[in-house]
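These numbers were taken from a predicted model, which means no experiment stands behind them. Quick note: numbers below take in every heavy atom, side chains included, and nothing from hydrogens, waters or symmetry partners. The residues of the chain are indexed from 1 along the displayed sequence.
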Amino acid sequence: IIGIIVAFLIFLGYKESTYASSYKAQIILDSYEVAEDYEIGEDTHIKIVLKNTDASYFVRNVLINCSSNVNTVVPVEGKSNQFYLDTIRPNDTAEVEIPIAITHAEGGYASMTFNIEYLSDDARWSASSYIVFPVKEETADIVIKSVNVPAEATQNNSVLISSYFLNDL
């Protein structure tokens, strides 16, 4: 009977250590904010807030890879699409400001994917987040330079006119 009890306790200990080594702290993209005063083609930035949702475990060596569908959002010249954070404490957040350029918008919106890799309890883990945000699209101003109305034009009759206009984009 003692052998069965010892074997049972060893089995329980094995299950606990297996559970502990497979446990991970979760990182989520808690919120984001896009600068409001930008136009397509100009450099701007997006702030993301990452949260370590675990109350006990630190996350370390956080690597963030940013990408977008059909290169709508790209890194600004001279910058990378990868960012690094050393540590996020348990149940804490970290803010990252990412310099970006928006090349074009599909229907007035741009999207980004954040692939996040990190260490927790000496194991490598990953998470992914996808966001969509509105983009201010440039509007074209049509400038009418001149309008030519024929001398034979009269009220309530159709007539062809000619004009010269400029797309002032």
**Q** Could you check if a side-chain atom of Y57 sits within less than 4.5 angstrom of a side-chain atom of V59, using non-hydrogen atoms only?
**A** no

**Q** Suppose the criterion is salt bridge (charged side-chain N to carboxylate O under 4.0 Å, His left out): which pairs have a residue in residues 55-83, not counting sequence neighbours?
**A** R60-D122

**Q** Less than 4.5 Å apart, any side-chain heavy atom of T113 and any of S128?
**A** yes

**Q** For residues I131 and I46, determine if any side-chain heavy atom of one lies less than 4.5 Å from a side-chain heavy atom of the other.
**A** yes

**Q** Between atom CZ of F114 and atom CG of N81, what is the distance when rounded to the nearest 0.5 Å?
**A** 11.0 Å

**Q** Does anything in residues 109-119 pair up under salt bridge (charged side-chain N to carboxylate O under 4.0 Å, His left out), and if so which pairs, sequence neighbours excluded?
**A** none

**Q** What pairs meet the salt bridge (charged side-chain N to carboxylate O under 4.0 Å, His left out) rule with one or both residues in residues 61-72, with sequence neighbours excluded?
**A** none

**Q** For the atom pair CD1 (I27) and CG (L50), what is the distance rounded to the nearest 0.5 Å?
**A** 6.0 Å

**Q** Compare all side-chain heavy atoms of F58 with those of L119 and state whether any distance is below 4.5 angstrom.
**A** no

**Q** Measuring only between side-chain heavy atoms, which start at C-beta, is I102 closer than 4.5 Å to E42?
**A** no

**Q** Could you check if a side-chain atom of N52 sits within less than 4.5 angstrom of a side-chain atom of D92, using non-hydrogen atoms only?
**A** no

**Q** Find out whether T44 and I100 are in side-chain contact, i.e. whether some heavy atom of one side chain is under 4.5 Å from a heavy atom of the other.
**A** yes

**Q** Roughly how far, to the nearest 0.5 Å, is the CG atom of N91 from the OG1 atom of T53?
**A** 8.0 Å

